[in-house]
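All remarks here apply to the structure that follows.
Here is how names work: the chains are called A, B, and so on, in the same order as the sequence lines, proteins then strands, and each is numbered from 1.
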Protein chains: 2
Amino acid sequence: MADPAPPTPASTDAAPGSAAPAGRSPKPGATAARGPRRRPATTERREEILRAAANTFGAKGYKTGSLADVAEQVGMTHAGVLHHFGSKEQLLIEVLEYRDKEDVRDLEGQKIPSGLELFVHLLRTVRANEQRRGVVQGYTVLTGESVTEGHPAAAWAGNRFSILRGEIVDALRELAGPDVPEPTLSQAASAIIGVMDGLQVQWLLDPDAVHLAEATTFAIEAIVAAAVAGAAAPLPVPPPGAAGQVG
Amino acid sequence: MADPAPPTPASTDAAPGSAAPAGRSPKPGATAARGPRRRPATTERREEILRAAANTFGAKGYKTGSLADVAEQVGMTHAGVLHHFGSKEQLLIEVLEYRDKEDVRDLEGQKIPSGLELFVHLLRTVRANEQRRGVVQGYTVLTGESVTEGHPAAAWAGNRFSILRGEIVDALRELAGPDVPEPTLSQAASAIIGVMDGLQVQWLLDPDAVHLAEATTFAIEAIVAAAVAGAAAPLPVPPPGAAGQVG
DNA sequence: CATCGCTTACTTACCTGTCAGTAAGTCCTT
DNA sequence: AAGGACTTACTGACAGGTAAGTAAGCGATG
């Protein structure tokens, strides 16, 4: 992801829903918009499983992480996990939703940052992420995997990126004058998300060689400055032809 | 990867070799330092397999892609593939080496670009990559997977990043004055690689929403400009404390 | 006492790696 | 140049694992 702790605005709630198939959960008229009548202890148990699954999928990826692995962490068998979630794919989807909801909850009260504040928030998050390797790894692995054919997390990932881009564009528009063209803001927005994600990968592979927070800050400042200025400076743009190398 | 077509300097040759275990190949006193006497047709066959494997691992990832899948593409059984490579892990390693070698071969003659030229080369590559979705996907999937525990591609990925960073730092040093501090160059270098990779992920998930070449160009220009200037502009840097959200 | 939460017990489906065997070379010797 | 001795390139079958999903049962509990 752009970052394990994005603003996840109101829209975050909307997005995952669209990706979540029927499964066995959202049965219409139930207690609190929740599925089948559920004992209070059960909800807690389900959340334990979700946290364990986030853990496993984060460490090993969705395909490689097994239900048995998840089950073991909460002291039950893999069939028990299946009892709660119906299928592995449904479990993944609920893990994703759960995290999104948690993000929203954590931001509760605080209004969604806009303008300059959004970038401050982003950078604060990056700094926090340096202390949460596991979470960062989870997002990295999952988004990487999501670009494979027919991956169940593709919709989630695409959606998240889309929402984040929109927010950053809005924030940039506040900072930049009205004469800065839309495409420029849009390019800057995806670039900002891109650096955040890309730097995380390098940092995970070699934490000593990459200073996550510093490098991210540097890059975001550079990109925001260029966007506000209307465009970046020189560098002769190469022609489309003459490709060739690389494997 | 930073990009499917990086300069892959001389050092690229050194790195993968160190990671390659014995397998069944390098039998001491043989024809040409090569492993067991190999029929001419065999070398070609091995390369077919390597290309097929690059294909499979690129599309499905290393863990999920199967030997049977690879074998089918070249019209043999999975046992036949194992006959040539000994193990799945060894196959992956040779795929990685093969691609690196191909990159080097394609750059042959052309000296490794330095200074401004390096960035021009990078941008030209990005443009070429827009036409090679499969290759880009392969790098994205593999690097994403590589951050999982004990992944066989971790060494390769880390090495590649490290080499690329070094080259970019060198190029930046040529452009920037001697008064620009090393850490700034280093941060800019990892940030440049980061945007390239991060934008590729977004582009793969939603090619219409992200203009790969344009956004990359914009970001690299912004970052290079900031690095050459010695540092980027404002943006109040947030304090390390007060974290919280995110899932 | 019916439903919930979960286990046990399987089934089905792969997947990697091993092995024996075979057909087609390659090389050496006479 | 023909024969044997050996190698290479595979195939088919299978051992040994692991994984997801299903079905039936059983004890707790609301």
Provide, to the nearest angstrom, the distance between the [atom1] atom belonging to [X] and the [atom2] atom belonging to [N].
{"X": "Leu92(B)", "N": "dG17(C)", "atom1": "CG", "atom2": "P", "value": "12 Å"}
{"X": "His84(B)", "N": "dT16(C)", "atom1": "NE2", "atom2": "P", "value": "17 Å"}
{"X": "Ile49(B)", "N": "dC10(D)", "atom1": "CD1", "atom2": "C1'", "value": "10 Å"}
{"X": "Met76(B)", "N": "dT11(D)", "atom1": "CE", "atom2": "P", "value": "6 Å"}
{"X": "Arg45(A)", "N": "dA28(D)", "atom1": "CZ", "atom2": "P", "value": "16 Å"}
{"X": "His83(B)", "N": "dG25(C)", "atom1": "NE2", "atom2": "P", "value": "15 Å"}
{"X": "Phe85(B)", "N": "dC10(D)", "atom1": "CZ", "atom2": "C1'", "value": "14 Å"}

Reading nucleotides 16-21 of chain D from 5' to 3' and marking B where a protein heavy atom lies under 4.0 Å of the base, S where only the sugar-phosphate is that close, and - otherwise, the string is ---SBB
Taking only N and O in the side chain of Thr77(A), is any of them less than 4.0 Å away from OP1 or OP2 of dC6(C)?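 False: Thr77(A) side-chain N/O out of range (4.0 Å or more) of dC6(C) OP1/OP2.
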Cationic N near anionic O, under 4.0 Å, [X] to [Y]:
{"X": "Arg51(B)", "Y": "Glu44(B)", "result": "yes"}
{"X": "Glu102(A)", "Y": "Arg99(A)", "result": "no"}
{"X": "Arg160(B)", "Y": "Asp103(B)", "result": "yes"}

Show the nearest heavy-atom pair for residues Arg133(B) and Trp203(B), with the distance to one decimal.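 For Arg133(B) and Trp203(B), the tightest heavy-atom pair comes out as CG-CH2, 3.8 Å.
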Is there a donor-acceptor pair closer than 3.5 Å between any side-chain N or O of Arg165(B) and the backbone N or O of Ser186(B)?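 Between the backbone of Ser186(B) and the side chain of Arg165(B) there is no qualifying donor-acceptor contact (under 3.5 Å).
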Side chains of Ser66(A) and Asp69(A) in contact at under 4.5 Å (non-hydrogen atoms):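 When only atoms from C-beta onward are counted, Asp69(A) and Ser66(A) do touch, with a gap below 4.5 Å.
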